[in-house]
Amino acid sequence: MHDAKILCINPWIYDFAAYDFWSKPLGLLYIAALLRQHGLDVDFIDCLDRWHPELLQRQKRSRPKRRKGGIGPFHREIVEKPQCLQFMPRHFARYGLPESIFIEDLKNRNQPEVILVTSIMTYWYPGVKKVVELCRRIFPGVPVVLGGIYATLMPDHARETIAPDYLLTGPAEEGLLPLLGHLLKRPKLENNLPTSFDSYPFPAWDLLHGLDYLVMMATRGCPLSCSFCATNNLSGYSLRQPEKVVQEMQQQTKKYGVSQIAFYDDALFMQAENHIKPLLRDIISRKTDISLHAPNGLHARFIDEELAELMFRARFRTIRLSLESVAKERQRDIHNKITPGEMTRAVRRLVRAGFKPKDLETYIIMALPGQKIEEVVETIGYAHSLGVRVRLCSYSPIPGTKDYNRAIAAGNFPENADPLLTNKTVIPLCRTTAAYTRYEKISQFAHWLNERAWGEKQVTEENAKRIFRKKFSV
Ligand code: B12
């Protein structure tokens, strides 16, 4: 029997697809560490736990399936597709622990005094709802506090749909400790609130069953304000001290016996001279066997020769460069983040530093408001001509962003839509089977080109367009 005052829960994912691409509930693990620092007894259930002993036993495995970098598949169970997603020609599934394991996990615990539930993507809210319903059934009367990204971006929807006892928006530290002080009748909890990201204790990774990698942030937020992105609505922008980040890397990888680290930063390369460069030099000087992954898009504009070389020597293994689009008007709109010329130079520098082009990936965005298919095809052709792999991202309209409001004003997205329709897979601005099929073809085209990335089979930019028209357009 566990006997914790505070039970933290990371809910399931409900989606058409999900894979553990370095997916961890970092925010809630920070909160758990912070509460412990304040003397509270904390327990954790991660519905996305691939290391759960009972799950592994049912799968007849001693450890989860995993690929290079520690990533791997979640357990998946097909569930009924919600009404508003019926037009999608795909199964809808719950990813993570089987429900029965989660229920057993709750029942095996003494009643906590407070339950904290996090939330991530807006369109994953059914998992949050399910978790809160089951908690209410098994621990009636225990207050449930909801926070996280969905709760911050759509507080009204969350209050109505999830009906938590308390909902806090934004970074937790400001409101949570005073609230717990009130609920647990420990007013002293309000003292010693962390003043900066560096004054947080390291995330409480020991609360998870097993780890194949760690995730980390060297910065928080982003100084830009791209029209499709919600980061500015979630937190301010701040940099951690490079030496604190390296200290965390060294201590935590040693403690947990892992060597893979994924950065969750939105703007890892901003202010490179006094931040990422000294940070990488420090890592290199320690001669660690740590591999670094950057699954979030990197700003290629800041990759000069020195940074490219530092990235190679510091063992970056996953490099995703944000390109978004080569169309000029689009680039203006998304804050002039990168021009094709800058992207070409960054790729050349990375290759000169030792990376193979096919190990580099570019993020390209598709299905933006008013974006023609030709713009996407042209951007794909350009990226392929650099020899790099293309990673297509379809646009998810995020409440509170400029593009979300524009989409509503232009009649492309319903006001007060179910957040399930903000799922990138459904091509939210179209929401039809035909549009889904059309964009699937573009994904297949990108995949086809990726198979030919670099070397003899590589296709020229002009040929790429022709091949698209001949083989992949509908
Ligand atoms: C890391 C990340 C990812 C990771 C995975 C994250 C995961 N855990 O699964 C990867 C790279 C895979 C990813 C993918 C995508 N992502 Co992403 N991602 C992020 C990012 C950069 C960081 C999230 C994070 O962990 N932050 C760090 C922690 C410390 O912060 P936090 O979770 O917010 O926690 C704090 C507070 O929220 C609060 N809190 C948290 N929990 C709780 C609980 C309680 C009780 C309380 C009181 C408070 C509280 O306190 C915490 C500490 O301060 C955010 C942007 C951002 N700045 O948040 C986008 C973001 C969440 N992603 C977004 C998008 C668009 C995507 C993609 C759809 C991109 C695409 N088009 O393909 C994909 C979708 C993946 C999928 N399968 O559907 C959007 C949200 C979309 C949406 N509709 O909800 C965001 C907001 C970025 C943006 N562009 O605006 N992403």
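Counting starts at 1 for both ligands and their atoms, following the listed order. Because only heavy atoms are used, hydrogens play no part in the values below, and waters and symmetry mates are left out as well, while side chains stay in.
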Just to be sure I'm reading this right: ignoring hydrogens, which of [options] gets closest to [atom]? Compare them by their nearest heavy atoms.
atom	options	result
atom 83 (N) of ligand 1	T401, T425, L179, T122	T122
atom 44 (C) of ligand 1	S23, C229, G147	G147
atom 20 (C) of ligand 1	L153, V117, N296, D20	N296
atom 86 (C) of ligand 1	T231, L234, L392	L234
atom 64 (C) of ligand 1	K424, M121, M366, R320	M121
atom 41 (N) of ligand 1	T118, L48, D15	T118

Check your understanding: Should the ring pair F197 and Y30 be called parallel, tilted or perpendicular, given that the plane angle runs from 0 to 90° and is split at 30 and 60?
Key ->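 The arrangement is tilted - the two ring planes meet at 30° to 60°.
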Point to revise | Non-neighbouring partners of F92 that pass ring pair (Phe, Tyr, Trp, His ring centres under 6.0 Å), sequence neighbours left out | key: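 F92 satisfies ring pair (Phe, Tyr, Trp, His ring centres under 6.0 Å) with F16 only.
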Any side-chain heavy atom of [X] sitting closer than 4.5 Å to one from [Y]?
X	Y	result
Y436	R90	yes
Q37	Y200	no
M311	L280	yes
D266	N296	yes

Is there a donor-acceptor pair closer than 3.5 Å between any side-chain N or O of [X] and the backbone N or O of [Y]?
X	Y	answer
T161	A158	no
K81	M88	yes
W22	G69	yes
S443	Y439	yes

Right, does [atom] have protein non-hydrogen atoms nearer than 4.0 Å?
atom	answer
atom 28 (C) of ligand 1	yes
atom 3 (C) of ligand 1	no
atom 69 (C) of ligand 1	no
atom 59 (C) of ligand 1	no
atom 10 (C) of ligand 1	no

Of all the non-hydrogen atoms in the protein, which one sits nearest to [atom], and at what distance?
atom	answer
atom 57 (N) of ligand 1	D266 OD2, 2.7 Å
atom 53 (O) of ligand 1	R220 NH2, 2.8 Å
atom 5 (C) of ligand 1	Y264 OH, 4.0 Å
atom 37 (O) of ligand 1	G148 CA, 3.3 Å
atom 12 (C) of ligand 1	F21 O, 4.0 Å
atom 31 (P) of ligand 1	G27 CA, 4.1 Å
atom 61 (C) of ligand 1	I149 CD1, 3.7 Å
atom 26 (N) of ligand 1	M217 CE, 4.0 Å

Could [X] and [Y] be called an ion pair, given the rule that one side-chain N must be under 4.0 Å from one carboxylate O?
X	Y	result
R137	E133	no
D165	R136	yes
E113	K5	yes

What atoms of ligand 1 come within less than 4.0 Å of a heavy atom belonging to [X]?
X	answer
I31	39 (N), 42 (C), 43 (C), 46 (C), 48 (C), 49 (C), 50 (O)
W124	76 (C), 77 (N), 78 (O)
A230	88 (C), 90 (O)
S396	83 (N)
V145	45 (C)
L168	47 (C)
Y123	68 (C), 74 (C), 76 (C), 78 (O), 83 (N)
I120	8 (N)

Between the side chains of [X] and [Y], is a donor N or O closer than 3.5 angstrom to an acceptor N or O?
X	Y	answer
T425	N423	yes
T118	N10	no
W51	D46	no

Review point. Does R391 make a cation-pi contact with F21 (under 6.0 Å, within 45 degrees of the axis)?
Key: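 Ring-cation test returns yes.
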Strictly under 4.0 Å, does any heavy atom of [X] approach an atom of ligand 1?
X	value
G170	yes
A18	no
I398	yes

**Study point:** ring-ring contact (aromatic ring centres under 6.0 Å, His included), paired with W12, selected from Y95, Y125, F102
**Key:**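 When Y95, Y125, F102 are each tested with W12, the ring-ring contact (aromatic ring centres under 6.0 Å, His included) holds only for F102.
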Any N or O of [X] closer than 3.5 Å to N or O of ligand 1:
X	result
A172	yes
S394	yes
S119	no

**Study point:** Structural part of Y395 in contact with ligand 1, heavy atom criterion under 4.0 angstrom
**Key:**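 Neither part.
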Exercise for review: Have a look at ligand 1 and work out which part of K24, if any, has a heavy atom under 4.0 Å from it: side chain, backbone, both or neither.
Suggested key: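 The answer is the backbone of K24.
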Practice item. Kindly check if the number of other-residue, nucleotide or ligand heavy atoms within 6.0 Å of CD (Q83) is above 12? Key: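 Check fails, neighbour count at 12 or below.
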**Study point:** Pair D15-K424, salt bridge (charged side-chain N to carboxylate O under 4.0 Å, His left out): steps then yes or no
**Key:** CA-CA 10 Å; D15 209 325; K424 63 184 173 71; over 6 Å; no
